[in-house]
Amino acid sequence: MLHSWPLAGDLAHLSRFDNDDAALNTWALAWVAHILPRAPWQLFEAPIFYPDAHTLAYSEHMLVPALMGAPLMWLGVPPLAVSNILIILGLALSGSAMCLVMQRWTGSMAAGLIAGLLYAFNAHVLTRFPHVQAQHVEFFPVILYALDRVLNRGGRRDAALLAAAFVLQALCSNYLLVFATFSVLVATAARPGDWWGPGRRHVRVRLAVMAVMVAAVLAPFLWPYYQVSREQGLTRSLDEVALYSAGWRDYLVTGGRLHYEWWSHLFYESRTALFPGIVALALAGVALASGTALRDARARMALAIGMLGVAFSFGPGLPGYGWLHQHIPLLGGLRNAARWGWLGLGAVAILAGFGVAQLERRWLQPATAGATARRRSWLALCCVLGLLATAEAIRTPVGFTPFTRIAPIYDLLPAEPGVVLAEFPFYAAQAFNHNAPYLLNNTRTFVPLVNGYSGFQSPRYLERGKALERFPGDEALAELKRLGVTHVTVHAEAFATRAGRDALAAVDRAPGLERVTEDEGIRLYKVR
């Protein structure tokens, strides 16, 4: 609540809708909650970009966060409030999961608390409030915990826990699916003695069975993305990936007010925040300098994952990334390579936890007179470290924007099959992101909507847009009839600004359009 303040003070009206992705993600959460009790097999047939198929696969489905928030939406809590609750919940769960795992690994509550703080509240996560899925990384520590147990013991329960945690993390975000996949591979490779050899066959069997189980569960959720990729060309070119790749300056960027005001603002513009923090680097340095990062197999896993994430964050700037992008379908679907840097921040948090445990052992090692004083001084030092880590990361008050409500005119749309809506001005190609508010409106009824917004525009949508951007001309009206549109809304001021006052006046004279009503500057028409 502190790191996201003042969000908790007004969950229903504070938003990051100044970033259009926030509207998209809020709509996606609401759509999943809406469709699952009614027709779960229609999950990916979302009512945007009508009449395209599998349109939820144009972006992230966020199934697990949506399931967490669904009971609240079923009780009538507004989608924005649910989205905000999920942001706070994700931060809390992520920090708690890392805390528990590090406490198990090191036997130190201090190590768990510091690692949890650094993991949940790093520079990258705290600059991505528009993306609910970025806060839900609570299953990643469990993946590492279960993987360690499988490599040590090869037990069935451990393999089942690994599979379950992997699936849950993968169903939070496609990016996290790819990150988790590569992390498991590189973490396993960092411990060859635990799975390779004549006495470790049972471990290899468990890992293979786990991989098959995970693939079987995730296949229905990956198939629509494959179909969209094959049918409509949803792939990312290397040139596009290069635009969203990190450089060395990204690792000096943070939104934390302390560093931002002092020096980080010099590097901030249009970059991904990946600065780990001085406390985190110092504590991770303790783990490295003491040799723990190499001796301890779990710390070695984290080190390998961090190195992978930092290397991949440079995208095509890394030799061989282009080949991987071309030949691995999952990797080819990622546009923002800089986000791989999150793995580096997560690894630093884990190594910092090991560093704290190393300091604790040395601080409390002498079991002589004065042990109580040493414990008290250690407790004080831990508090200082936690406060310093928080002071480095905190960027409150976060700049949220006010949101009042969705216009009540959308409640007038008939709740019957066959209703199709188009909103104007219609945006395609240029200013495509201005469709995002229409997705929020769609959460009132979820009627099929010709408009849409995501990280992808299909060729068919672009073709429709060429005609519909000429509304209310004859070509646009013919396209509306061809698509089976039954209702049209016109946002008067926005339409006049984009098309002109004469075009706005011509809407009422357009043949085949009958004005139903107007409210709060939005006109509702029926297509005859």
Side-chain angles (χ1 to χ4, degrees), residues 3 21 25 60 62 64-65 87 90-91 93-95 97-98 101-102 115-144 165-166 168-187 241 244-256 264 268 271-277 280-281 284 301-315 317-318 321 330-331 333-353 389 392-393 395:
H3 277 285
D21 286 354
N25 290 326
E60 304 220 68
M62 300 188 295
V64 169
I87 288 174
L91 292 169
L93 291 176
S94 298
M98 180 57 76
V101 168
M102 287 305 300
L117 286 173
L118 296 174
Y119 178 73
F121 309 113
N122 62 57
H124 183 68
V125 169
L126 294 180
T127 53
R128 291 193 60 196
F129 284 115
H131 306 111
V132 175
Q133 62 272 41
Q135 281 80 43
H136 281 271
V137 290
E138 59 265 34
F139 305 105
F140 191 78
V142 184
I143 292 173
L144 299 183
F166 190 99
L168 290 170
Q169 191 63 84
L171 293 179
C172 289
S173 161
N174 289 344
Y175 274 88
L176 293 172
L177 162 61
V178 179
F179 295 169
T181 301
F182 277 81
S183 294
V184 168
L185 291 174
V186 74
V241 175
Y244 294 92
S245 295
W248 64 268
R249 291 178 178 85
D250 295 71
Y251 287 91
L252 296 176
V253 170
T254 175
S264 184
Y268 198 93
R271 297 193 180 276
T272 303
L274 296 173
F275 179 62
L281 289 173
M301 289 196 312
L303 181 60
I305 291 170
M307 293 172 64
L308 170 81
V310 172
F312 274 28
S313 71
F314 293 97
L318 174 70
Y321 189 94
L330 289 175
L331 189 60
L334 302 190
R335 177 176 62 176
N336 197 319
R339 291 178 185 172
W340 280 97
W342 170 80
L343 286 176
L345 298 180
V348 168
I350 294 172
L351 292 173
E392 281 194 86
R395 57 189 300 255

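Quick note: residue numbers are just sequence positions, from 1.
T254 places no side-chain N or O within 3.5 Å of a backbone atom of A123 that could act as its donor or acceptor partner. A donor-acceptor contact shorter than 3.5 Å links the side chain of Y119 to the backbone of V137. Judged purely by atom type and a 3.5 angstrom limit, Q135 uses its side chain to pair as donor or acceptor with the backbone of R128. Side-chain atoms of R249 never come within 3.5 Å of backbone atoms of R271 as a donor-acceptor pair (strictly under, hydrogens ignored). Judged by distance alone, the side chain of Y175 and the main-chain N or O of R335 form a donor-acceptor pair under 3.5 Å. At distances below 3.5 Å, at least one donor-acceptor pair connects side-chain atoms of S264 with backbone N or O atoms of L252.
Scanning all heavy atoms of the two residues, the minimum distance from G255 to R395 falls at O-CB, 3.1 Å. Closest non-hydrogen pair, L274 versus A338, comes out as CD1-O, 3.8 Å. The nearest pair of heavy atoms linking A311 to L318 is O-CD2, 3.5 Å. Closest heavy-atom contact between A170 and L177: CB-CD1, 3.5 Å. Nearest heavy-atom pair, A347 versus A302, reported as atom, atom and distance to 0.1 Å: CB-O, 3.1 Å. When all heavy atoms are compared, the tightest approach of A280 to A352 is O-CB, 3.9 Å.
Residues V241 and L334 fail the side-chain proximity criterion, which asks for heavy atoms closer than 4.5 Å. Counting only heavy atoms from C-beta outward, the side chains of F312 and R339 never approach each other to under 4.5 Å. The closest side-chain heavy-atom distance from T272 to V253 is not below 4.5 Å. Within the 4.5 Å cutoff, the side chain of V348 has no heavy atoms near those of the L118 side chain. Looking at heavy atoms from C-beta onward, F314 lies out of side-chain contact with D250 at the 4.5 angstrom threshold. Contact annotation: the side chain of N25 approaches that of M62 to within less than 4.5 Å [non-hydrogen atoms, C-beta and beyond]. Side chains of I350 and L144 form a contact here, defined as non-hydrogen atoms less than 4.5 Å apart.
In this structure, CG in N174 is found 11.0 Å from CZ in F179, a value given to the nearest 0.5 Å. Interatomic distance, CG of L185 versus CG of L308, reported as 9.0 Å (0.5 Å rounding). Within the model, atoms OH of Y268 and CZ of F275 stand 14.0 Å from one another, a figure rounded to the nearest 0.5 Å. Here the CG atom belonging to D21 is positioned 8.5 Å from the CD atom belonging to Q133, to the nearest 0.5 angstrom. In this structure, the separation between CD1 on I143 and CE on M301 is 11.0 Å, given to the nearest 0.5 Å. The CD atom of E138 lies 11.5 Å from the CE atom of M98; values are rounded to the nearest 0.5 Å.
Aromatic pair W340/F182: centroids less than 6.0 angstrom apart.
When each of H131, H136, E60 is tested with S173 by the rule side-chain hydrogen bond (donor to acceptor under 3.5 Å, both in side chains), just one qualifies, namely E60. Exactly one residue among F139, F140, W342 makes a side chain to side chain contact (heavy atoms under 4.5 Å, CB included) with L176. That residue is W342.
Inspection of the S245 and Y321 side chains reveals no N or O donor paired with an N or O acceptor under 3.5 Å.
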